[in-house]
J.: 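Have a look at the structure that comes next, please.
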Amino acid sequence: MQTGDGAARPHLARHVRLRFDPARQRHVLLTPEAVSVLNGTGAAILGLCDGTRTVSEIAAELHGRYARVDDDEVRLFLDRLAARRCLEVDQGEARRG
């Protein structure tokens with residue numbers, strides 16, 4: 001598990017972009033190989049993955065936005081994207097710049 005301890009700081013990999021697609025009226029995750037259409041929660045999670053927030057901080061922010069947030073589901077979502085190399089996970093200090 002990539003994000004198990006909650007102190008990991010996920011960020012999008014260099015080759016991945018999170019964009020709003022006006023034609024679909026949804027956020028999409030763009031990789032060189034694919035376009036993944038995201039639901040609102042997925043887009044919210046990825047929007048917080050900037051390398052400065054820990055997984056625990058991301059979950060806390062989501063708790064402030066939504067009535068029900070399952071921390072394990074957030075971690076599972078992030079782990080799946082890390083396994084697909086869409087996310088990179090830093091275990092140390094926050095990224096700069």
Side-chain angles (χ1 to χ4, degrees):
M1 186 176 253
Q2 302 274 337
T3 60
D5 67 359
R9 297 177 187 276
H11 58 92
L12 292 177
R14 286 182 178 239
H15 65 279
V16 177
R17 300 288 180 260
L18 175 64
R19 298 284 186 253
F20 184 78
D21 181 355
R24 291 182 175 99
Q25 291 294 300
R26 306 284 295 267
H27 279 89
V28 295
L29 194 62
L30 303 173
T31 67
E33 301 85 22
V35 175
S36 300
V37 179
L38 301 169
N39 65 21
T41 306
I45 293 169
L46 290 178
L48 296 171
C49 292
D50 58 8
T52 63
R53 293 179 182 92
T54 65
V55 173
S56 295
E57 291 168 338
I58 291 168
E61 175 71 24
L62 294 169
H63 281 283
R65 293 183 189 184
Y66 301 103
R68 293 182 51 175
V69 175
D70 184 335
D71 293 0
D72 291 334
E73 289 292 323
V74 172
R75 284 186 177 87
L76 181 60
F77 178 75
L78 294 173
D79 287 343
R80 286 180 179 163
L81 288 173
R84 290 177 42 202
R85 295 195 165 113
C86 292
L87 280 180
E88 295 176 359
V89 180
D90 296 332
Q91 300 297 333
E93 294 182 21
R95 293 180 68 208
R96 298 174 203 263

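Every value quoted in this text rests on a predicted model; they were computed, and no experiment measured them. Numbering starts at 1 and runs along the sequence shown.
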J.: Give a yes or no answer on whether the side chain of Arg9 reaches the backbone of Thr52 with a donor-acceptor pair at less than 3.5 Å.
T.: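 Looks like yes, one N/O pair under 3.5 Å.
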
J.: Where do His27 and Ser36 land on the side chain to side chain contact (heavy atoms under 4.5 Å, CB included) test, with the steps shown first?
T.: CA-CA 9 Å; His27 279 89; Ser36 300; over 6 Å; no

J.: Quick one: closest heavy-atom pair of Pro10 and Ala8, and the distance?
T.: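 Heavy atoms only, the tightest pair is CD-O, 3.4 Å.
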
J.: Please tell me if the side chains of Leu48 and Arg65 come closer than 4.5 Å, counting only heavy atoms from C-beta onward.
T.: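 SC-SC contact between Leu48 and Arg65 confirmed.
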
J.: Measure the spacing between NE2 of His15 and CD of Glu33 and express it to the nearest 0.5 Å.
T.: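 Those atoms lie 6.0 Å apart.
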
J.: How close do Phe77 and Gly42 get, counting heavy atoms only, and between which atoms?
T.: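 Result for this residue pair: CZ-CA, 3.8 Å.
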
J.: What I'd like to find out is whether the side chain of Cys49 reaches to under 4.5 Å of the side chain of Glu88, using heavy atoms alone.
T.: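 No - every pair of side-chain heavy atoms lies 4.5 Å or more apart.
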
J.: Rounded to the nearest 0.5 Å, what separates atom CG in Asp70 from atom NE2 in His63?
T.: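 So the gap between those two atoms works out to 8.0 Å.
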
J.: Report yes or no: do Ile58 and Tyr66 belong to one cluster of Ile/Leu/Val/Met/Phe/Trp/Tyr joined by side chain heavy-atom distances under 4.5 Å?
T.: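 Linked, Ile58 and Tyr66 end up in one cluster.
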
J.: Please find the pair of heavy atoms, one from Leu18 and one from Ala43, that lie closest to each other, and give the distance.
T.: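 Shortest heavy-atom separation between Leu18 and Ala43 comes out as CD2-O, 4.1 Å.
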
J.: What's the shortest heavy-atom distance between Gly51 and His11, and which atoms?
T.: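 Taking Gly51 first and His11 second, the nearest heavy atoms are N-CB, 3.6 Å.
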
J.: Measure across Thr54 and Ala7 and return the closest heavy-atom pair with its distance rounded to 0.1 Å.
T.: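 The pair with the smallest heavy-atom distance is CG2-O, 3.6 Å.
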
J.: Hey, are the side chains of Leu81 and Leu29 touching, using non-hydrogen atoms and a 4.5 Å cut-off?
T.: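 Side-chain contact under 4.5 Å: yes.
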
J.: Run through Asn39, Leu38, Asp21 and flag the one making a side chain to side chain contact (heavy atoms under 4.5 Å, CB included) with Arg26.
T.: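 With Arg26 as partner, Asn39, Leu38, Asp21 yield a single side chain to side chain contact (heavy atoms under 4.5 Å, CB included), made by Asn39.
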
J.: Same cluster for Leu46 and Val69 if Ile/Leu/Val/Met/Phe/Trp/Tyr side chains link at under 4.5 Å?
T.: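 Yes; Val69 is reachable from Leu46 via cluster members.
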
J.: Can you hop from Leu78 to Leu30 via hydrophobic side chains spaced under 4.5 Å?
T.: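 As far as the 4.5 Å side-chain criterion goes, Leu30 and Leu78 are not connected within one cluster.
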
J.: About how many Å separate CD1 of Ile45 and CD of Glu73, when rounded to the nearest 0.5 Å?
T.: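 Between Glu73 CD and Ile45 CD1, I get 9.0 Å after rounding to 0.5 Å.
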
J.: Are Val55 and Val89 packed together at the side-chain level, in the sense that at least one heavy-atom pair is separated by less than 4.5 angstrom?
T.: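 No; the side chains remain at least 4.5 Å from each other.
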
